[in-house]
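In this text the structure is predicted, and so the values were computed from the model without any measurement.
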Amino acid sequence: MNRRAALACTALAVSVLACTSGGAHGASRGVDAVTASVPRIAGCTLFPSTNPWRRDISHAQVAAHSAAWVRSIGPSLHLHPYFGSNPAYGIPYQTVSATQKRVPIRFTAYGDESDKGPYPVPLTARVEAGGDRHVLVASANCHLYELYGARRSGSGWAAASGAVFDLRSNRLRPDGWTSADAAGLPILPGLVRLDEVRAGHIDHALRFTVQRTQRAYIHPATHQAGSTTSGSVPPMGARFRLKASYSLAHFHGAALVILKALKKYGMFVADNGGNWFISGATSSRWNDADLDQLKRVPGSAFQAINSGVIRH
């Protein structure tokens, strides 16, 4: 859960910005071109326009449990960017070509809920610092390959769990299945990425964590990791947005881009962790002073929206 990366991009006439350097992700991970309103990764559209990740929720109905859920997370606590210029923070990712060599994946814990290998994960892929040890790969074949608890093993990788997501499809994982994330969601689409911030807009939902979750989930999440059956605690997949009434007048730079996205697309509860901790991609080029503006936003500025059936 940590992040930071930045590059200079040149704006083109059709609202396309193409980054010419891979920044902290290196040549094999390059930063992708971003078109207005069409999020992309590895040269592919980040899910169809009808996908929940790309749904504009700025006018969605407020959930009946919204006030209770905000109270359970902490209305007086503040948004926290769990990423920055320190490489120990954030979740690294890499992009690879469609011809990247596939290597064997051995699952050590949740193999029955994992997509079988091999995966096109480079043996040099960066592993998230800390206990979760995520490895995220976006391929030019328009699939995401994500591992949890990953370690190099022989000619491939060992991981607690793994999931493959087709970027051209809205298909969810089977109900009850985890992924590399506790909620059964893909991780990479929910990260704040430097290329999108540099482009001036994030056109999809983000991901965040809370300490306590309900033993339930809301699609597109497919898995619960809760500690209570209380309806006053949010389930995995609960979607929160920044209130339209919350003023952004005193924010600028990356913080402003992120907060605008939170008003329009919101963020999904994706894992158990720090309350209001929002995830981003690892990069040494994040401006920490800029990101620290997010810490002024209180939990009371958020509301949960009615995004679907709570499944137990």
Side-chain angles (χ1 to χ4, degrees), residues 1-4 52-55 57-58 60 63 65-66 68-84 89-91 93 128 130 132 134 136 146 148 179-193 196-197 202-214 216-221 223-227 233-243 246 254-255 257-282 286 291-305 307:
M1 304 173 129
N2 327 349
R3 7 263 176 228
R4 271 118 202 180
W53 285 93
R54 294 180 58 187
R55 177 187 167 205
I57 61 165
S58 55
H65 294 288
S66 178
W69 290 354
V70 170
R71 280 196 302 272
S72 78
I73 304 171
S76 62
L77 299 179
H78 291 76
L79 195 62
H80 183 86
Y82 200 39
F83 60 101
Y89 292 97
I91 303 179
Y93 74 92
E128 178 191 12
D132 286 350
H134 289 114
L136 311 180
E146 302 189 340
Y148 164 66
S179 60
D181 217 353
L185 294 167
I187 296 173
L188 184 48
L191 300 183
V192 177
R193 290 168 25 214
E196 294 183 310
V197 168
I202 297 171
D203 300 304
H204 54 81
L206 299 172
R207 76 184 287 279
F208 79 114
T209 63
V210 300
Q211 287 184 356
R212 295 179 68 233
T213 53
Q214 186 182 153
Y217 57 87
I218 301 173
H219 284 168
H223 186 260
Q224 65 85 16
S227 58
V233 174
M236 290 293 178
R239 193 167 187 171
F240 289 73
R241 72 177 171 217
L242 186 60
K243 294 177 180 177
Y246 187 78
V257 173
I258 294 166
L259 294 175
K260 285 181 176 179
L262 291 177
K263 284 195 173 191
K264 185 172 183 178
Y265 298 101
M267 56 185 180
F268 289 110
V269 175
D271 200 355
N272 296 311
N275 283 329
W276 303 118
F277 276 38
I278 190 169
S279 304
T282 301
W286 285 112
L291 293 174
D292 281 348
Q293 296 174 82
L294 297 174
K295 297 176 182 178
R296 304 205 305 258
V297 183
S300 59
F302 290 91
Q303 57 193 177
I305 65 142
S307 56

Closest non-hydrogen atom pair, [X] against [Y]:
X: Ala254; Y: Leu291; result: CB-CD2, 4.2 Å
X: Ala60; Y: Arg55; result: CB-NH2, 3.7 Å
X: Ala180; Y: Ile187; result: O-CD1, 3.6 Å
X: Ser66; Y: Ala304; result: OG-N, 2.9 Å
X: Gly237; Y: Phe268; result: O-CD2, 3.4 Å

Whether the side chain of [X] engages the backbone of [Y] through a donor-acceptor N/O pair (distance < 3.5 Å, no angle test) should be reported.
X: Arg212; Y: Val233; value: no
X: Ser58; Y: Lys264; value: no
X: Thr209; Y: Gly274; value: yes
X: Glu146; Y: Pro186; value: no
X: His80; Y: Trp276; value: no
X: Lys260; Y: Ile202; value: no

Value rounded to 0.5 Å, distance of [atom1] in [X] from [atom2] in [Y]:
X: Ile278; Y: Phe240; atom1: CD1; atom2: CZ; answer: 13.0 Å
X: Asp181; Y: Arg207; atom1: CG; atom2: CZ; answer: 4.0 Å
X: Arg241; Y: Gln303; atom1: CZ; atom2: CD; answer: 4.5 Å
X: Leu242; Y: Ile258; atom1: CG; atom2: CD1; answer: 12.0 Å
X: Leu79; Y: Asn275; atom1: CG; atom2: CG; answer: 11.5 Å

Check whether any side-chain heavy atom of [X] sits under 4.5 Å from a side-chain heavy atom of [Y], and report yes or no.
X: Pro81; Y: Lys295; result: yes
X: Met267; Y: Leu262; result: yes
X: Leu206; Y: Tyr265; result: no
X: Pro298; Y: Tyr246; result: yes
X: Phe208; Y: Tyr82; result: no

TODO: Quickly, which of Glu196, Arg193, Arg54 forms a side-chain hydrogen bond (donor to acceptor under 3.5 Å, both in side chains) with His204? Name it, please.
DONE: Glu196
TODO: Count the heavy atoms belonging to other residues, nucleotides or ligands that lie under 6.0 Å from NZ of Lys263, then report whether that count exceeds 12.
DONE: yes
Task: Aromatic ring pairing His134/Tyr148, orientation class (parallel under 30°, perpendicular over 60°, tilted between) - done: tilted
Task: Candidate list Met236, Arg239, Gln214, test side chain to side chain contact (heavy atoms under 4.5 Å, CB included), partner Val269, passing option - done: Met236
Please tabulate, one pair per line, all N/O donor-acceptor pairs under 3.5 Å involving side-chain atoms of residues 70-77, not counting sequence neighbours.
from	atom 1	to	atom 2	distance (Å)
Ser72	OG	Trp69	O	2.8

